[in-house]
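Computed over heavy atoms, backbone and side chain alike; hydrogens, waters and symmetry mates excluded. Numbering starts at 1 and runs along the sequence shown.
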Amino acid sequence: MVHCPECDAELAEKEDVEFVDMDAKMAGLFRSSKRFYVVGCADCGAAIGSGVAGGGG
């Protein structure tokens, strides 16, 4: 099982984590909006991971 590194809560279900969508920026010559997100523990709010999702345009 996976546990939160901060509060040791068990992360077994989708509801055990929160996905926080950060602002997307449009820059440069290409119109590609990237969505940045942070994954946090639903119990204590500690950041567990992050990533970038897709782009289009």
Joint hydrophobic cluster, [X] plus [Y], side-chain heavy atoms closer than 4.5 Å:
X	Y	value
V52	V38	yes
I48	F19	yes
V39	F36	no

message: To check you understand the geometry: which heavy-atom pair defines the closest contact between D8 and H3, and what is its length?
response: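 Closest heavy-atom pair between D8 and H3: O-CD2, 3.3 Å.
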
query: Can you name the closest pair of heavy atoms from E6 and C44 and give their distance?
result: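 Heavy-atom minimum between the residues: CB-SG, 4.0 Å.
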
- prompt: Partners of E15 by side-chain contact (heavy atoms from CB on, under 4.5 Å), sequence neighbours excluded?
  reply: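 Testing E15 for side-chain contact (heavy atoms from CB on, under 4.5 Å), a comparison that skips the adjacent residues, returns E13.
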
- request: Can you sort out the partners of V2 under side-chain contact (heavy atoms from CB on, under 4.5 Å), two or more places apart, ordered by chain and number?
  value: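 Checked V2 against side-chain contact (heavy atoms from CB on, under 4.5 Å); matches are L11.
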
